[in-house]
Amino acid sequence: MCGIAGYISADSSLKTEQCVRAMLASLVRRGPDSDGLATWPGAALGHRRLAILDLSPAGHQPMLYEDGQTGLVFNGCIYNFQELREELEELGHRFRSRCDTEVLLRGYQEWGVDVLAPKLRGMFAFGIWDHARGVLTLVRDRLGVKPLAYCARGREIAFASTVAALRAAGFGAELDPQAVLEFLEYGYVTDARSIYEGVSKLPPATILEWRDGQISQRQYWTLPEMGESRGVSFEEAVEETERLLVESVRLRLISDVPIGVLLSAGIDSTLVCWAMRELNADIKAFTVRAPNDPSDESAEAARTAAKLGIEHEIVDMPEEHVSLDDLLEAYSEPFACSSALAMLWVSEAVKRRATVLLTGDGGDDVFLGYPFFRNAWWAERLARGLPGFAPAAWSGMRGLFPDSGPARKLRSYLDFATGGLGAHARAHNGLPYFEKRSMFGPRLAGRELAERQIPASLDSARHLLAGVFGFHRRMHFLSEFMPKVDGGTMHYAIEARAPFLDQKLWEFAAALPPRVHFHGGRLKAVLREIVRRHVGPEVAFRKKQGFTVPVESWLASRWGGMLDRLRERTRLEEDGWISKDALAEPLRQVAETHQAPEQLWRLLVLERWLEKDASAARPSEPVGPHQGFETSSNRRS
């Protein structure tokens, strides 16, 4: 796990090294063990290393091929690199290191990127500069676990692990109002956008090639269609999932540094801990505790750890004197996911004991563990039996149903059954909160999000589960969950590995029919059955709490002082994002109800982020030219 950066100019720019060094300075926390730089005329690659495999200087990056004409920078871990290494050795390659980076470099030289990328099993983002061909190649892993951003303008291109690193080198233009609108809707900027105009994020499972100012992109992997494996029985699904999970955990235990595991009261992290125990791994589990709060699940996690017979440590979240500085530093863009705070706190505690941390991320996403997946399936089944005039009929009756109480759920259910994905995408009180209170300033007034413009469609409703799965994967999974874990753990130089994000598990689980996923009417039925058999029914059927921080209640009590920033003159108002005096009424309601809405938390995070962005130092002037090829590095002793 590392930080990578690069800058290429077809005009042989004089500022290549300066730009890359500026980006590396922004990536120090991702790779505190060493740094490296390689330059060619008009090109430079940079790297900050967090040493996990082959801790010796042989694993240093940028890594160059023997002739010095090809260089590579890589962030992530290739779990099947030993298998690929053996294949390359049979073809005559002789390795100088024991790390996965060299497998990528030699694999590119032997097979080319279009053969190499599909062979990889892991999480990765890497850049390859092929000086002889004048081609820069960027590749991102299948599910988007590792981030990779770039800025292409004219005949130059820069890339880095984070948007903040690009910005530190002067790339990116003004703030994108549509990205700000996305943040206020969801609490994050989606992977399809960047907070800065002119900066893009490479999509998952994508190869990008740049040559002389021209860019081409292509996908190297697609997920199977939902329900494609119609003939698989529930028992077969359980057995194969168990086999794939143990294999996935085994692959993720390769490391030359200590490993830990994050344990909540949920079944996903429980299964990861169980598999590690089955593999006789020497592990320690960590749980974050929210003292005296109903969302706290540390006691249940402790019982699970005791049942599995594994070492366990509980980490308390700070209740008072909390600063948002870590949240702002860890995430390049405004990010208001409340559980990111817990991710940061547990990462800080874990760093004392482990450098690699296994997590249960991904289980809910591919094994359909969220209630909205089952609701979508129920609505889809109803929609398949409705006549064509049903949407119009429901539109005339909808106003008779109240907007609160038990009837609200029924109304939403019928919305989904007649309106499909469009209704699902609009059933979210993000932007409506601000619109009802006329809070938007001139920079946001009148703007719309494409997700809220998806038309209602009975045909969409008849395929709703697949639609919701794809929507969730593009939005919350890719744009919130993946950045939360990567940003939180990398802020403390920890490599997070998620066995449920294994491509083979996703290919198998995504193709299962809904009757298997919801066997017995239960969410995530396949995983629950594995827990029931190997851990116990009390864990398998425990009510899900979620790994989060109760921001809404704490802002109105323990963290109340944070809101004082919004009672003063704000940059939100000065810069035209929020209308003048729009915050007075929401703040008054917090004092009355002792509960802060999540939208106010988002405004607080955005205000602090805008202040930080405005005060950020601008990069210095370019320095003189650099001739020929050179490498440099600084390592900690």
Side-chain angles (χ1 to χ4, degrees), residues 2-27 31 34-49 60-75 101-102 104-109 112-113 116 125-140 148-162 165-172 198-200 202 207-217 619-634:
C2 307
I4 64 174
Y7 174 70
I8 316 295
S9 174
D11 297 319
S12 296
S13 171
L14 304 181
K15 61 181 181 179
T16 52
E17 181 177 337
Q18 178 213 355
C19 285
V20 173
R21 288 196 183 280
M23 289 189 276
L24 292 181
S26 178
L27 297 169
S34 69
D35 70 331
L37 179 76
T39 66
W40 299 259
L45 298 179
H47 187 262
R48 294 288 326 188
R49 187 184 186 194
H60 184 69
Q61 297 185 48
M63 187 171 285
L64 309 178
Y65 202 64
E66 281 89 344
D67 60 6
Q69 294 296 296
T70 303
L72 176 142
V73 285
F74 161 54
N75 170 32
T101 306
E102 190 173 1
L104 289 178
L105 182 62
R106 293 184 177 277
Y108 171 80
Q109 291 291 113
V113 71
L116 171 66
F126 60 87
I128 301 175
W129 172 239
D130 191 328
H131 191 66
R133 296 173 58 221
V135 174
L136 172 70
T137 302
L138 302 179
V139 185
R140 192 176 180 194
L148 186 55
Y150 67 95
C151 177
R153 56 191 189 191
R155 302 181 71 206
E156 65 178 3
I157 184 171
F159 69 90
S161 292
T162 67
L166 287 170
R167 188 63 169 179
F171 295 98
V199 173
S200 302
L202 188 66
I207 297 169
L208 178 151
E209 285 189 337
W210 177 96
R211 184 202 300 261
D212 195 25
Q214 301 299 312
I215 287 179
S216 63
Q217 291 189 31
S620 58
E621 289 300 314
V623 293
H626 302 277
Q627 300 297 327
F629 167 79
E630 65 173 329
T631 61
S632 62
S633 65
N634 292 294

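For reference, positions follow the sequence shown, starting with 1. Keep in mind it's a predicted model, so treat the numbers as computed, not measured.
- T16 contributes atom OG1, which lies 10.5 Å from atom CZ of R21 (distance to the nearest 0.5 angstrom).
- A heavy-atom distance below 4.5 Å is not found between the side chains of Y65 and L72.
- Residues M63 and H47 are not in side-chain contact: their nearest non-hydrogen atoms beyond the backbone lie 4.5 Å or more apart.
- Shown here are the side chain to side chain contact (heavy atoms under 4.5 Å, CB included) partners of S200, two or more places apart in sequence or in another chain: Y150.
- Across all non-hydrogen atoms, the minimal contact from A5 to L24 is CB-CD2, 4.4 Å.
- Using a 4.5 Å cut-off on side-chain heavy atoms (C-beta onward), I4 and F159 make contact.
- When every heavy atom of I8 is checked against every heavy atom of A43, the shortest pair comes out as CD1-CB, 3.5 Å.
- Each of S161, P62, C2 was evaluated against V73; a single residue qualifies, P62, per the side-chain contact (heavy atoms from CB on, under 4.5 Å) test.
- Closest approach of S34 and H60 over heavy atoms only: OG-ND1, 3.5 Å.
- At least one donor-acceptor pair under 3.5 Å links the side chain of R211 to the backbone N or O of R133.
- Nearest heavy atom pair, residue L166 against residue C151, reads CD1-N, 4.2 Å.
- Here W129 pairs with H131 under the side-chain hydrogen bond (donor to acceptor under 3.5 Å, both in side chains) rule; sequence neighbours left out.
- Listed by chain and residue number, D191 satisfy the salt bridge (charged side-chain N to carboxylate O under 4.0 Å, His left out) test with R140 (two or more places apart in sequence, or in another chain).
- Exactly one residue among T137, D130, T70 makes a side-chain hydrogen bond (donor to acceptor under 3.5 Å, both in side chains) with Y108. That residue is D130.
- Contact check for L116 versus V139: no side-chain heavy atoms found under the 4.5 Å cut-off.
- Using a 4.5 Å heavy-atom cutoff, the side chains of I128 and F126 are in contact.
- In this structure, Q61 and R49 have side chains that are not in contact, with every pair of non-hydrogen atoms separated by 4.5 Å or more.
- Rounded to the nearest 0.5 angstrom, L138 CG and E209 CD are separated by 9.5 Å.
- Closest heavy-atom contact between L64 and A38: CD2-CB, 4.2 Å.
- Here D67 pairs with nothing under the salt bridge (charged side-chain N to carboxylate O under 4.0 Å, His left out) rule; sequence neighbours left out.
- Residues passing the side chain to side chain contact (heavy atoms under 4.5 Å, CB included) test with A165, sequence neighbours excluded: M23, S26, L27, A160, T162.
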Determine, stepwise, if the pair W210 / L208 fulfils side chain to side chain contact (heavy atoms under 4.5 Å, CB included).
CA-CA 7 Å; W210 177 96; L208 178 151; 4.3 Å; yes
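- With a 4.5 Å cut-off on side-chain heavy atoms, Q109 and E66 do not count as touching.
- R155 meets the side-chain hydrogen bond (donor to acceptor under 3.5 Å, both in side chains) test with D11, D212; sequence neighbours excluded.
- For the pair A169 and C19, the tightest heavy-atom approach, listed with the atom from each and the gap, is CB-O, 3.5 Å.
- Contact of the Q217 side chain with the L202 side chain is registered, since non-hydrogen atoms from C-beta on lie closer than 4.5 Å.
- Between F171 and Y7, the ring-plane angle classifies as tilted under the 30° and 60° cut-offs.
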